[in-house]
Every structure is written in C-alpha cells, then in structure tokens.
Amino acid sequence: MSSGSRRSVILAFVLSLAPASGRAAGFALFEHGGQGMGFAGAFTAQASDPSAIFHNPAGIAFLRRKQVYLGGTAVMPTWRFEGASPFPGAGVSEHDSVSVLLPPAAYYTQPFSPRVAFGIGVNVPFGLKTEWAEPDRFSGRYISQKAALGGFAVNPTVAFKLADRLAVGAGLDVRLSKVTLERRIPVINPFTLKPVDAAAERMEAGTDTGIGFDAGVLAKVSEELSIGVSYRHRVKVDYEGTASFAPISTGNAQLDARVAGALPAGSLPLRSSITFPAFASGGLAYHRGDWVLEADVDWYRWSAFQSIPVTFPDRTDLSGAITEDYRDSFQYRLGAERTLNDTWTVRGGYFWDETPAPPASLSPLLPDADRNGFCLGASWRSGSLSVDAASWLVLARDRSTAGLNRDGFEGTYKSRAFTVGIFIGYAF
Amino acid sequence: MHRVARPAGLAGAAFAAALWSAGGPAHAQTSFSTYVALGDSLTAGYSNGSLVETHQRSSYPALLARQAAVTGFEQPLVSDPGIPTELGLLSLIPPVVAPKAATQGAPLRLTLSRPYNNLGVPGATVTDLLTRVTDAGGFHDLVLRGGGTALAQGLSLKPTVLTLWTGNNDILGAALRGQAIEGVTMTPLASFRAAFQSVVNAVKASGAFVVVANVPEVTSIPYVTTIAPVVVNPTTGAPVRVNGQTVPLLGPSGPLPASALVTLAAAPLLLRGQGIPTSLGGTGVGLPDEVVLGPGEQASIHARVAEFNQAIAEICQGAGIPVFDVNAFFADLAAHGRMIGGITLTSAFLTGGLFGYDGVHPSDIGYALVANEWIRVIDSHGGQLPVIDLGPYLGVVSSAEARAAQAGGGRGPAPWTAFTAEAYQALLAAFPRVDGR
C-alpha cells in the first residue's frame with residue numbers, strides 16, 4: 001500500500017503539468033492578442049499593439065496615446081487515445097470530455113514622455129485543462145482523470161526609446177497560479193488479486209505566486225525592416241495546497257477497512273513547485289506597401305523542467321520527486337498581413353511547434369506532440385477603435401508512446417484544436 | 001538420483017512416438033504449428049497451490065499458443081476447485097489463506113488420444129523430465145498418463161517450437177523446507193548439469209525452434225519474504241518495539257538474525273506463540289529449522305541458483321539455443337515492481353498482485369507478464385508473436401463492475417491462521433524433495 005500510495009500521490013500531482021491540446025507544445029499558451037495570432041504568433045519584430053507587453057516589451061515605446069487592448073480566446077481541444085499492447089491494449093479507445101479553455105488578456109499602455117512608456121498587462125502565458133471522458137472507467141484513471149492549471153500573469157512594463165527607431169523594454173512578471181487534479185487510487189484486491197478503485201484523490205493548490213521578469217529590444221532598421229528580440233525569464237511558483245482521499249467502496253468490508261486505515265484522513269497538506277520555463281523569441285518583420293511579413297523563432301528552455309518535488313510535511317514517507325526530463329524546444333512562426341483599405345486588414349500564418357516531452361513522459365498526464373498551426377485573422381478599424389479576430393487550427397502529429405511510457409500506459413495520442421480569439425483595442 | 005537418464009528418455013520417446021504416431025501433425029513452414037512446452041508447475045500454470053482450469057488457461061504456454069493463433073493446443077485441464085484444492089483468501093482481517101473448498105477438481109482431458117502440448121508437470125525436476133513415467137497417482141500420472149516421460153511425449157509430437165523451463169524444483173525444495181541440503185533439497189550441480197545437457201541434446205535434435213528459460217532466485221518469492229524475523233503486533237502488523245528496539249523471533253538456536261528469512265509455513269506456529277519470547281506472550285520455544293532460512297542457507301541457495309544458471313547458459317550457448325533470463329526478470333519485479341497504467345504490481349504477498357496465495361507461483365497477471373517476456377525473447381529470435389494485452393488480466397473495470405463481480409465471492413469466518421498448515425502440507429505434497437525420486 002505504501003509504495004502504491006506514494007506513487008499515486010506523486011502521479012496525481014504530475015497532472016499539474018499536463019498540457020492540453022490547442023496550446024503550444026509543453027503547456028505554454030501563445031494566444032495573447034488578435035494581431036499576433038493572425039501572424040501565427042510571429043509578432044516579436046512588430047509588437048505594434050499593447051500585446052507587445054507579452055510579445056516584446058520594447059514595442060510599447062512606439063505606441064501613441066493611451067491604449068487599452070482587451071480580449072480573449074476560446075480554445076477547444078479534442079483528444080483521442082488509442083491503446084496499444086500490453087496495456088491498456090489494442091482496441092481501447094478513449095477521448096476527452098468536451099471542455100473549452102478561455103484565456104483572457106488585457107493590456108494598458110501609456111506614453112510618459114516622447115521616450116518613455118509604461119504599460120501593464122494581464123494574460124495567461126501557461127495553462128491547461130485536461131479532462132478525460134467517462135472518468136469512472138477511463139483506462140488511465142489511475143494516472144489522470146482531470147487536471148487543470150489556471151492562473152494569470154500580471155506584467156507591469158516600462159520601455160525606453162534609445163533612438164527614433166530603437167527601443168528597449170522590460171517588465172516584472174508576477175504569476176499567480178492554481179492547480180487542481182483528480183485521479184483514482186487503485187489497490188490490489190487481495191481477494192481477487194486484481195486492482196480495484198480504492199479512493200478518489202483530489203489535489204488542489206493555489207493561488208500561489210512566483211515572480212520573474214522579461215525584456216526586449218525592437219529595432220526598426222529601416223522603413224521596411226524591423227528586428228525584435230525578447231526574453232522572458234523562468235518563473236518558479238511554490239505551491240501550498242491539500243490532497244484529499246475519498247474512499248470508494250470495493251464491495252468488501254474488510255478491504256474497505258484496510259484501505260480506510262491506510263489513507264491519510266481528511267486533507268493532507270502538500271507543497272510543491274513548478275518551474276515555468278524561460279523563453280526567448282527573435283523575429284524579422286518586413287513591410288512593403290500593403291504587405292507585412294514576419295518570421296520568428298521561439299526557444300523554450302524546457303530543460304529546466306527535469307523533476308518536480310512533492311512534499312507532504314505531515315507524511316514525509318509519501319514525499320518524493322518526479323522525473324520529467326523535458327528538452328529545450330523550438331517554435332517556428334511565419335505570418336503575413338495585407339491591408340485591404342482603411343478599415344480592413346487580413347492575415348494568415350503557420351507555425352511549427354516542437355514537443356519538449358520525451359516519449360517516456362508521454363501519458364494521460366503529459367500527452368504532448370509536435371504541432372502544426374494554421375492561422376487566419378482580420379482586423380477592423382474605425383478611428384480610435386479596432387477589433388482584431390483570429391482563428392487557429394492546430395493539428396498535432398499522432399504521437400505513440402512507443403512502449404516507453406513510465407506509467408506503463410501505452411498507445412497513441414491524437415489531438416487537434418480550434419481556437420478563436422477576439423480582441424478590442426481603443427486609443428484615447 | 002543418478003540413474004543414467006538418456007537411454008530411458010530416448011526409449012520413452014520411441015515408445016510414445018509409436019503410441020501416438022497419428023497425432024501431432026507438424027507443418028514446419030508455420031513455426032508455431034506444433035508447440036510443445038516442457039517444464040514444471042510454472043509451465044503447467046499452477047497457481048494458488050493448485051492445478052486448476054481457471055488458471056491453467058493463463059499458463060504462459062497457453063498464452064503463447066493463443067498469441068500464435070495455434071489451434072488444438074492441449075493442456076491437462078483440471079476442473080474447479082483444482083488438484084489439490086485451490087487456495088483462497090478466506091478472510092483479510094485476520095488474514096486466512098486456506099483451501100477454498102472441501103472437494104477437489106477432476107482431470108477433464110484424460111481421454112485425449114495424444115500427448116498434451118503443455119507437458120509441464122508440477123514438482124518435476126530436470127531428471128524427472130528425462131526419466132520419470134509415473135509417481136503413484138501424482139502430477140506425473142495426471143500429465144503423462146502412462147505414455148512415457150514428458151520429454152519423450154513432447155518430442156513425439158514433432159514440435160516445431162519447444163519451450164523448456166526446468167530446474168526450478170532442483171532448488172525450490174530448499175526454500176519450501178527451509179533447509180538447503182545437498183542432494184536432499186538441492187540437486188548437486190554435476191547431476192543437474194548432466195541431466196540438463198541430456199534434455200537439451202534431445203530437444204535440439206528434434207529440429208524444433210527451442211527457447212529455454214533459466215531458474216529464478218527462490219529466496220525472493222513471497223513464500224520466504226513475507227514474514228519478518230521480528231515479533232509483530234498481530235492486529236496492526238507493525239513490529240513490536242521494546243525500548244525502541246524490534247524483538248527478533250526465536251529460531252532453532254536462539255534469536256534470529258535480521259537477515260534470516262521466515263517462510264509462510266511459520267504462520268500457524270507463530271499464531272500459537274511459537275518463536276515468540278515469553279516476555280511478549282509467546283511460548284519461548286524457537287521456530288523449527290524447517291520454517292527458517294538462515295544466512296548460510298540463503299547463501300547456499302543463492303550460489304546454487306547461480307551455478308544452475310551458469311550451467312544452463314553454457315549448455316544452451318553450446319547448442320545455439322536462446323535463453324530467457326527469467327531469473328533477472330523476477331529479480332527486477334522483486335526489486336522494482338511493475339507499473340502498468342498507474343497500477344503498481346509488486347511481489348508482495350496478497351497485496352502485490354504478481355503472486356498467488358501459495359506465495360510461490362505467479363497469479364494470472366504474473367503469468368501474463370512472464371508470457372510477454374517469453375514473447376520478447378522469441379520475437380528477438382525471429383518470432384512474430386504479438387504482445388499480450390494485460391487489460392483483461394488487470395480487470396481494469398469500473399468500480400461498480402468490480403463490486404458486482406465481488407458480490408459472488410463468499411467468505412467464511414475462520415481463525416487467524418494466515419497461511420494455514422493445510423496450505424503448507426498441500427505445497428509440500430506437490431513439491432517433493434529432490435532425493436525422494
């Protein structure tokens with residue numbers, strides 16, 4: 001029991017790191033503004049609206065007047081899992097339960113002087129929601145039934161124009177984050193020598209805070225060409241929360257008594273931490289006539305995500321750490337814009353997003369894959385008001401555990417996602 | 001013990017071939033068209049102290065045959081509740097492992113007019129494979145039916161594939177009886193080597209594709225790892241501490257060292273207070289040597305297993321036969337367990353899932369894991385067997401379904417005997433000493 005419950009508690013907590021489809025590989029989000037989304041996220045070298053606070057803080061130095069930019073994105077992922085031998089076996093097919101993620105974003109920017117600008121942004125740089133259908137009989141329910149990582153970043157930012165065409169910016173990145181996760185705990189029923197659900201485990205932690213920073217440079221080399229570089233530091237969030245274990249009747253009173261005696265009573269305090277990785281982005285934007293083209297390369301330092309400590313101060317026997325072994329990964333983003341008239345602008349783009357997860361870490365907890373993103377967007381402008389909308393179709397490559405999964409849950413994950421974002425901007 | 005084995009074995013083969021020449025059509029082009037498994041209880045699918053249909057169907061040979069889509073793979077099936085009567089867990093609090101019924105099962109396939117494909121004979125040693133044709137109504141008679149030795153019958157089927165897993169009973173008795181005695185509970189290395197060489201020569205000459213498994217370390221099975229050599233609180237199972245120190249059980253010559261292994265056969269004695277100091281309410285009488293493996297005995301067993309496996313490796317290498325290192329496989333299970341879909345299976349008695357109620361033989365899931373390791377070895381040598389799906393063996397079903405399945409299982413009141421004397425006697429009868437042949 002002790003080894004099983006240790007594993008179970010640890011595994012449950014890993015849920016906090018599970019990425020869901022529709023977001024960047026790993027569990028990063030990149031839906032932070034309607035224009036940027038239209039460029040498939042390639043916006044570091046433009047950063048021409050208040051979402052620059054995320055994409056490249058130097059960008060706000062070039063924004064005129066006070067501006068607000070508000071919006072959100074509906075992320076609608078679908079997951080399928082096809083089992084493979086030896087477990088859960090060929091023919092086992094699972095899918096997610098329909099869920100929509102709604103990461104909001106809000107930004108405000110204000111020039112202080114011709115050279116200095118200030119801004120503040122609230123957005124969701126990392127997040128997930130993974131919920132498997134029919135959780136009572138999902139074949140991976142001992143690993144994960146449901147996981148959610150919520151929260152947001154508050155990002156006060158200052159930018160300086162070093163020259164007419166050159167600006168730098170920096171910000172403080174305050175992350176507030178919350179984790180909930182649910183799974184089942186199995187025990188071997190000694191009367192049948194087979195596993196049986198013994199308890200429902202729910203872990204909840206947050207809202208806990210971590211602090212980082214970001215910085216960027218934007219150089220408008222010529223009327224046509226601009227170059228942007230930005231960096232966002234890793235943020236370590238230390239969590240305090242509780243784990244609760246609700247016994248499930250196995251149908252045998254003696255076994256139930258044993259299980260009840262072995263489970264921690266009430267809520268068990270827990271501590272952990274998640275290190276959200278640093279990432280850097282570099283881009284080139286080219287303006288010519290009605291056209292803008294931008295190409296970016298983003299680099300996530302996921303190798304910082306090697307293991308997660310899980311500590312139960314009251315039950316150190318259950319404490320442990322989980323190895324994840326992520327690798328650094330790149331994203332390649334390409335977008336184009338054409339201004340049709342004073343009112344309408346249209347955009348399109350494509351991104352390729354490498355998974356940072358090695359096959360051994362691929363599980364209901366961390367079903368990650370390389371992703372292709374196909375993006376369309378449009379803007380409507382009238383005076384000081386603008387509306388930016390964009391939509392992504394994200395197709396993940398089918399990813400097999402290749403018999404390597406650490407939890408012994410083998411199969412192929414297939415996912416896709418559809419996202420729609422709408423943002424409104426106003427300058428006053 | 002030292003009978004010259006080969007001539008008898010070959011004569012038996014000729015006899016059986018003549019007797020059953022009509023059976024066992026061999027189609028060499030399909031590698032598994034005729035599959036024969038030779039071995040002992042582990043090959044027979046013995047589980048929970050019993051040879052019984054419900055578990056024989058999960059024997060690794062049956063699983064291999066199923067994965068190879070073999071038709072007509074015959075086993076000496078025994079109806080429920082098995083021979084001897086299958087052990088069950090009658091109560092968890094207190095734990096009582098005892099025969100689950102008062103009756104025995106009966107052989108179902110006695111009239112088959114050819115040898116069984118699964119010729120695993122519970123209790124058989126390597127020498128038995130070569131020479132034994134009867135055992136006065138024991139498992140040899142149940143499996144062999146007077147038709148010659150297991151080896152001879154197997155070869156008479158003209159197998160295209162043959163698996164061989166033998167040698168376990170040349171050492172198991174040392175663990176079951178808590179005594180490592182050369183020539184009594186352990187087969188001497190020289191005779192083991194000679195007999196194994198003879199078996200390998202014969203199966204090699206058959207032309208079949210042969211895979212051999214070696215001998216697992218018998219000191220890592222729950223039968224010897226479950227009972228700690230210290231006094232425990234019978235209600236909680238936690239060690240009793242006096243002045244902060246655990247209290248050693250009493251052995252044949254005083255307090256047991258911390259490295260001593262106490263077998264499940266000690267359970268009924270401990271219940272009567274034997275092995276427990278009078279200061280803690282026991283009788284103060286030491287446990288007999290038969291239920292204790294001291295450090296010296298463990299070392300002897302360990303060394304002998306290593307010697308057997310060295311011999312197996314050398315003999316098979318000489319014959320060009322691949323070896324499944326099942327010893328390493330079980331050692332890994334004992335050390336690390338196995339994580340399957342978030343379920344941790346371990347070698348722990350009752351709660352681990354990998355072993356059945358006799359503490360010696362695997363459960364159905366344990367056998368399925370063993371079968372998948374066979375498949376791994378077979379496939380790495382040109383086989384194409386699909387891996388076995390473990391879902392059905394793990395019974396990963398909803399808790400409601402599990403409850404419904406549970407409702408049928410009856411449990412009667414019983415005294416705390418944990419592993420009952422009856423269970424122990426049944427094991428001893430099924431696994432005679434190596435000198436008793």
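These numbers come from the heavy atoms of this one structure, side chains and all, not from hydrogens, waters or symmetry mates. By convention in this document, chain letters (A, B, ...) are assigned in the order of the sequence lines, proteins followed by strands, and residues within each chain are numbered from 1. Nothing here was measured: the structure is a model prediction, and the numbers come from that model.
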Which atom pair, heavy atoms only, marks the closest approach of [X] to [Y]?
| X | Y | result |
| --- | --- | --- |
| B:Gly342 | A:Pro186 | O-CG, 3.8 Å |
| A:Arg406 | B:Met339 | O-CG, 3.5 Å |
| B:Leu92 | A:Arg258 | CD2-CG, 3.8 Å |
| A:Gly89 | B:Asp389 | CA-OD1, 3.2 Å |

A:Arg397 atom CZ: more than 12 heavy-atom contacts under 6.0 Å | no
Count the heavy atoms of every other residue, nucleotide or ligand shown that sit under 6.0 Å from NZ of B:Lys100, and state whether that count exceeds 12.
-> yes
Looking at [atom1] of [X] and [atom2] of [Y], how far apart are the two atoms once the value is rounded to the nearest 0.5 Å?
| X | Y | atom1 | atom2 | result |
| --- | --- | --- | --- | --- |
| B:Leu345 | A:Lys194 | CG | NZ | 12.0 Å |
| B:Leu394 | A:Ile188 | CG | CD1 | 7.5 Å |
| B:Ile365 | A:Phe87 | CD1 | CZ | 9.0 Å |

If you count heavy-atom pairs under 4.5 Å between each of A:Pro190, A:Ser363, A:Pro88 and chain B, which one has the most?
-> A:Pro190
Contact leader toward chain B among A:Gly261, A:Ser85, A:Pro86, where contacts are heavy-atom pairs under 4.5 Å = A:Pro86
Could you check if a side-chain atom of A:Val187 sits within less than 4.5 angstrom of a side-chain atom of B:Thr351, using non-hydrogen atoms only?
-> no
Student check: side-chain heavy atoms of B:Asn48 and A:Leu193 closer than 4.5 Å | yes
If one checks every heavy atom of B:Phe355 against chain A at 4.5 Å, the contacting part turns out to be backbone
Does any heavy atom of chain A fall under 4.5 Å from the side chain of B:Leu350, the backbone, both, or neither of them?
-> both
